[in-house]
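Convention: sequence-line order gives letters A, B, ...; per-chain numbering from 1.
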Amino acid sequence: MARGLLGARLISDVGGIRTSGVIVETEAYEGLDDPASHAATRVGRTRRNRAMFGPPGRAYVYRIYGMHWCVNVVTGREGDPQAVLLRGLDPLEGLEAMAHRRGGRTPLAAGPGRLCQALGITGALYGHDLRRPPLRLEPGWAVERVRIGVGGRIGVRAAADRPLRFYVQGAPGVSRVLSRREPP
DNA sequence: ACTCCGATTGTT
DNA sequence: ACAATCGGAGTA
């Protein structure tokens, strides 16, 4: 599912401003059996992860480090809390608006926090149906398998070795890992 | 009530 | 290498 979202189009009309791009980096979170998931068994249903237990095609938005927003696409059926974190986007429309929202900083939408900031995604979109404005997910372009990279998820401690991060090799919207901690 | 810390980013 | 910044989740 996370792999399939590569090449899809994400369109935002938040604030009446059109911004869009192609998804080039994702991470899968496998729910109950995934210790890195916000909806792992040991956590159970909470107010925060409620959207992940809902129907697929909705947005699970959460705040991280008290300052950044991250957005997931809920992919599991109702009651099965699977989700895909959107980590990187190649901008298509509204580059100027993105730059403004990003405070002139670059890159525009490489990284989950930057992606949300560039598209104006906040907690106001918690549980939002991604078939409708102001945030829509649409079919985009098929990505050749040979161009897809796979690796461990970034920033997670538990199950960091599971190959659940997918990205389009060479795409500018893929986040860069500054420092990586090596296992002892 | 209190502690710990995170699916990050930007600066030093 | 480290600060920013705060709510979620665990413990008491």
Side-chain angles (χ1 to χ4, degrees), chain A residues 1-6 8 10 21 23-54 56 58-76 80-91 98-128 130 135 137 149-168 172-184:
Chain A
M1 203 71 229
R3 178 191 232 110
L5 281 179
L6 294 180
L10 188 62
I23 295 170
V24 295
E25 181 181 359
T26 61
E27 277 179 3
Y29 286 83
E30 310 188 290
L32 298 175
D33 296 328
D34 184 352
S37 170
H38 291 168
T41 297
R42 55 162 228 287
V43 179
R45 295 196 191 210
T46 67
R47 190 157 64 90
R48 177 212 209 180
N49 66 28
R50 174 175 55 81
M52 274 201 280
F53 288 89
R58 297 254 172 90
Y60 164 52
V61 185
Y62 70 94
R63 213 203 259 286
I64 185 69
Y65 291 101
M67 54 182 89
H68 307 291
W69 296 104
C70 293
V71 63
N72 289 242
V73 178
V74 176
T75 55
D80 179 19
Q82 301 197 51
V84 173
L85 171 69
L86 303 184
R87 287 194 57 95
L89 194 84
D90 278 355
M98 291 192 199
H100 184 256
R101 284 178 178 143
R102 292 273 302 124
R105 287 172 300 238
T106 183
L108 287 179
R114 297 180 182 123
L115 184 156
C116 284
Q117 191 176 24
L119 271 61
I121 298 170
T122 70
L125 290 171
Y126 188 89
H128 173 73
L130 292 168
L135 186 63
L137 195 54
V150 184
R153 293 173 294 186
I154 296 175
V156 300
R157 303 180 53 146
D161 55 325
R162 294 192 191 178
L164 295 175
R165 170 175 176 254
F166 304 89
Y167 56 97
V168 179
V174 175
S175 65
R176 299 191 223 287
V177 186
L178 298 179
S179 60
R180 183 180 339 186
R181 292 179 56 182
E182 299 293 337

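Whole-Å rounding puts the A:N72 CG to B:dT8 P distance at 11 Å. Atom CE of A:M67 is separated from atom C1' of C:dA3 by 8 Å (rounded to the nearest Å). Taking atom NE2 on A:H68 and atom C1' on B:dG6, their separation rounds to 11 Å, with Å as the unit. Atom-to-atom, CZ of A:R63 to C1' of C:dA9 comes out at 17 Å; the value is rounded to the nearest Å. With rounding to whole Å, A:Y62 atom OH is found 18 Å from B:dC5 atom P. Taking atom CG of A:L86 as the reference point, atom P of B:dA7 lies 16 Å away to the nearest angstrom. Regarding A:R114, its CZ atom lies at a distance of 6 Å from the C1' atom of B:dT9, rounded to whole Å. Spacing between atom CZ of A:R50 and atom C1' of C:dA9 amounts to 17 Å, rounded to whole angstrom units.
Here the closest non-hydrogen pair linking A:V156 and A:A160 is O-CB, 3.5 Å. The two residues A:M98 and A:L119 have their closest heavy-atom pair at CE-CD1, 4.0 Å. In terms of heavy atoms, A:G173 sits closest to A:V24 at C-CG2, 3.5 Å.
Proximity of A:H38 to the phosphate of B:dA7: a side-chain N or O atom is located under 4.0 Å from OP1 or OP2. Here A:R87 does not reach the OP1 or OP2 of B:dA7: none of its side-chain N or O atoms lies under 4.0 Å away. Under 4.0 angstrom from either OP1 or OP2 of B:dA7 there lies no side-chain N or O belonging to A:S37.
Residue contacts for A:R153: at a heavy-atom cut-off of 4.0 Å it reaches no nucleic acid atom on any strand shown. If you check every strand for non-hydrogen atoms under 4.0 Å, A:S175 touches nothing. The residue A:L85 sits close to a base: some heavy atom pair falls under 4.0 Å. Using a 4.0 Å heavy-atom cutoff across all strands shown, A:R102 reaches sugar-phosphate atoms only and no base atom.
When the C1' atom is compared between B:dC5 and C:dC2, the two are found 16 Å apart, to the nearest whole Å.
Taking a centre distance below 5.5 Å and an interplanar angle below 30 degrees as the stacking criterion, A:Y29 stacks against the six-membered base ring of B:dA7.
Taking OH of A:Y29 as the start and CG of A:D34 as the end, the distance is 7.5 Å to the nearest 0.5 Å. Distance check, rounded to the nearest 0.5 Å: CG of A:L130 to CG of A:L135 gives 5.5 Å. Note that the CG atom of A:L137 and the CG atom of A:L5 stand 6.0 Å from one another [nearest 0.5 Å].
No donor-acceptor contact under 3.5 angstrom links the side chains of A:R101 and A:Q117, judged on distance only.
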Nucleotide pairing, DNA chain C (Watson-Crick or G-U, distances under 3.5 Å), in dot-bracket with [ ] and |: ||||.||||||.

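Here B:dG6 is the nucleotide among B:dG6, B:dT9, C:dG8 with the atom lying nearest to any side-chain atom of A:R157.
Scanning atom types as modelled, no donor and acceptor separated by under 3.5 angstrom connect the side chain of A:Y65 and the base of C:dA4.
One finds a salt bridge joining A:E27 and A:R87 here, because a Lys/Arg side-chain nitrogen approaches an Asp/Glu carboxylate oxygen to under 4.0 Å.
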